[in-house]
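A short worksheet on the structure shown next.
One is the number of the first residue; the rest follow in order along the sequence. As the structure is a computational prediction, the values presented were derived from the model and not from experiment.
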Amino acid sequence: MGLPLQADPATIANGINYVWILVVSFLIFFMQPGFALLEAGQVRAKNVGNVLMKNMTDWALGVLVYFVVGAGVATIVGGLTSTGTIDLAGAFSYIGDDTVWIDWLFGAVFAMTAATIVSGAVAERMNFKAYVLFAAVITGFIYPVVQGLTWSGGLLSGGGFLGQALGVGYLDFAGATVVHMVGGIAGLVGAKMVGPRKGRFDENGNSRAIPGHSMLLAVLGTLILAFGWYGFNVGTQATVLAVAEDGSLQFMGAALGRVALVTTLGMGAGAVAAMLVSTSWQGKPDPLWMANGLLAGLVAVTGAVPHVTWWGGLILGALGGAIVLPAYRFTVDTLKIDDVCGVFAVHGAAGALGTALIPVFGVGGFMGVNQLIMQVLGVAIIALWTIVASGIVFAIADAVYGLRVSDEEESEGLDQGEHGVTTYPEFVGDSGPESALGNPVRADGGSESVSTTDEVGGVDSNLGGDDE
């Protein structure tokens, strides 16, 4: 008769939890193709290759920079702004137990998300070299500073100044502001400094839509992002198994379930709210506003998922989705900023609102005035840092490379001008570019014309609206 397996429960729990962290890190990485498809669909066909290049650069360059610099900067900032100790050598050496590299990967996929958001705002006219410089700095310094102020060395450790301030600490569970608002505001600053695309505004300053080339790609990208978001939110609930006081293993189903439920309700509520607002605003329900509302609902609850009731998550998601269209119109019509993919409305505004209101919908009731003040203060500090730091880096990039491509490159398309490629081969009908069939036609029609219909971040919705 065999003997029962003898094992330390803590060892088993730790092993299961870290396998879970690895799996969700891979799932969060899958958001990268979601971003690529979402942004590619919202630009003209002549600029798709440039968008794809930027998304690949965000990941490939970003993970290297975050490994060499970013993670260490976050650890140092956390130590400098808290009661923790500072170990300069240790911050950059990855010396520790066997899980230190897993912790690094988990932090890296969050950093890459913040960087990738920016490319959607500055699409179709930004110099690629200038973008590469900014991508390196946001992953190596701008985002890690925010990470250090809130989460210190990582999501699984204590926070810096904001994580401990006012005796309550800033609540942002999975990065509604730390990741998404940082990316959304950095993108807004970049879009302002690089200037609008040619034809985006008429001679009177009124906005005119520049339709993107594929609603299909944009919506598919949205759904892929939503799938990866379960890794983003539920994965941050890193404890799957815990050791109870009696030494037995305890499954953390309630905590995981709350995060999964609130994430799902926020997603659905954001999509429905955006559909209703777009119907009221434009007369017909718009699939791209609904897609952006779905993402905004996810952003709005990302910082709140373990802290709020299920109905609180539903309300936060609905608020996030409802403000997307008004926030986008404010960005374009009032600020006169050409944010191609609406990243400020989706990631910036929704992230700020959802995180600030966490105390109102706490699981145990209203969390108190100090917590509400802490949330508003934290949002303001992170926003201010991102605006200043991003503005300085974009200014340096402008001085070194120039932020904007030439008028000729913009007209020709950044695929050809920046990379010498064509994403969509020339075609005629169903038989390919045979000379007997006539002259080949470019996938975007080869036209610089603009539509007077309304749009979501550059993709024509074929609805007459505010851009007329």
* **Residues E418 and K129 bridged, charged N to O under 4.0 Å** => no
* To do: Could you walk me through whether E39 and K54 pass salt bridge (Lys or Arg N to Asp or Glu O under 4.0 Å), step by step?
  => CA-CA 10 Å; E39 294 174 15; K54 288 174 179 174; over 6 Å; no
Using a 4.5 Å cut-off on heavy atoms from C-beta on, say whether the side chain of [Y] contacts that of [X].
X: F344; Y: Y328; value: no
X: Y143; Y: F110; value: yes
X: M112; Y: Y66; value: yes
X: I358; Y: V308; value: yes
X: P359; Y: M374; value: no
X: V48; Y: V43; value: yes
X: D58; Y: S119; value: yes
X: F173; Y: Q237; value: yes

Atom of [X], atom of [Y] and distance for their closest heavy-atom approach:
X: A349; Y: A327; value: CB-CB, 4.2 Å
X: I210; Y: K198; value: CD1-O, 3.7 Å
X: L52; Y: A36; value: CD2-CB, 4.0 Å
X: V262; Y: G313; value: CG1-CA, 3.7 Å
X: S207; Y: D333; value: OG-OD1, 3.0 Å
X: A121; Y: G187; value: CB-O, 3.3 Å

* Should the pair Y94 and W104 be assigned to parallel (<30°), tilted (30 to 60°) or perpendicular (>60°) ring geometry? -> perpendicular
* Angle class for the F394/F134 ring planes (parallel below 30°, perpendicular above 60°, tilted otherwise)? -> parallel
Roughly how far, to the nearest 0.5 Å, is the [atom2] atom of [Y] from the [atom1] atom of [X]?
X: I185; Y: S390; atom1: CD1; atom2: OG; value: 8.5 Å
X: L353; Y: L316; atom1: CG; atom2: CG; value: 7.5 Å
X: I382; Y: L149; atom1: CD1; atom2: CG; value: 7.5 Å
X: T113; Y: I28; atom1: OG1; atom2: CD1; value: 7.0 Å
X: M126; Y: N47; atom1: CE; atom2: CG; value: 14.0 Å
X: Y131; Y: N50; atom1: OH; atom2: CG; value: 9.5 Å

Are [X] and [Y] close enough that a side-chain donor and a side-chain acceptor fall under 3.5 Å?
X: T177; Y: Y170; result: yes
X: T423; Y: D415; result: yes
X: Q32; Y: T116; result: yes
X: T263; Y: N233; result: yes
X: T239; Y: N17; result: no
X: D339; Y: T331; result: no

* Test side chain to side chain contact (heavy atoms under 4.5 Å, CB included) applied to V109 and F26, step by step -> CA-CA 8 Å; V109 291; F26 306 151; over 6 Å; no
* Structure fact -> With sequence neighbours left out, the residues meeting side-chain contact (heavy atoms from CB on, under 4.5 Å) with A352 are M181, V379
* To do: Could you list the residues that satisfy side-chain contact (heavy atoms from CB on, under 4.5 Å) with V388, not counting sequence neighbours?
  => L384, I392
* Is the distance between the ring centroids of H307 and F361 less than 6.0 Å? -> no
* Among all residues two or more places apart in sequence or in another chain, which pass the salt bridge (charged side-chain N to carboxylate O under 4.0 Å, His left out) test with R258? -> none
* Partners meeting salt bridge (charged side-chain N to carboxylate O under 4.0 Å, His left out) with D338 (sequence neighbours left out) -> R197, R200
Under the 3.5 angstrom rule, does the side chain of [X] hit a backbone N or O of [Y] as a donor-acceptor pair?
X: D172; Y: V178; value: yes
X: Q371; Y: G169; value: yes
X: R125; Y: R404; value: no
X: T99; Y: I102; value: no
X: S280; Y: L276; value: no
X: E124; Y: R44; value: yes

* Residue pair I373, V376: steps toward the side chain to side chain contact (heavy atoms under 4.5 Å, CB included) verdict -> CA-CA 5 Å; I373 293 173; V376 174; 6.0 Å; no
* Of all pairs that satisfy ring pair (Phe, Tyr, Trp, His ring centres under 6.0 Å), the ones with a partner from residues 372-392, not counting sequence neighbours ->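 Those involving residues 372-392 are F141-W385.
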* Which residue pairs pass the ring pair (Phe, Tyr, Trp, His ring centres under 6.0 Å) test when at least one of the two sits in residues 174-201, sequence neighbours left out? ->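 Applying ring pair (Phe, Tyr, Trp, His ring centres under 6.0 Å) to every pair that reaches into residues 174-201, excluding sequence neighbours, yields H180-W229, H180-F232, H180-H347.
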* Asked: Taking atom CZ of F366 as the centre, does the number of heavy atoms from other residues, nucleotides or ligands within less than 6.0 Å exceed 12?
  -> yes
* To do: Test side chain to side chain contact (heavy atoms under 4.5 Å, CB included) on V234 and W20 and set out the steps.
  => CA-CA 10 Å; V234 185; W20 167 250; 3.9 Å; yes
* **Residues L295, L38; criterion side chain to side chain contact (heavy atoms under 4.5 Å, CB included); working and verdict** => CA-CA 11 Å; L295 295 177; L38 175 64; 3.7 Å; yes
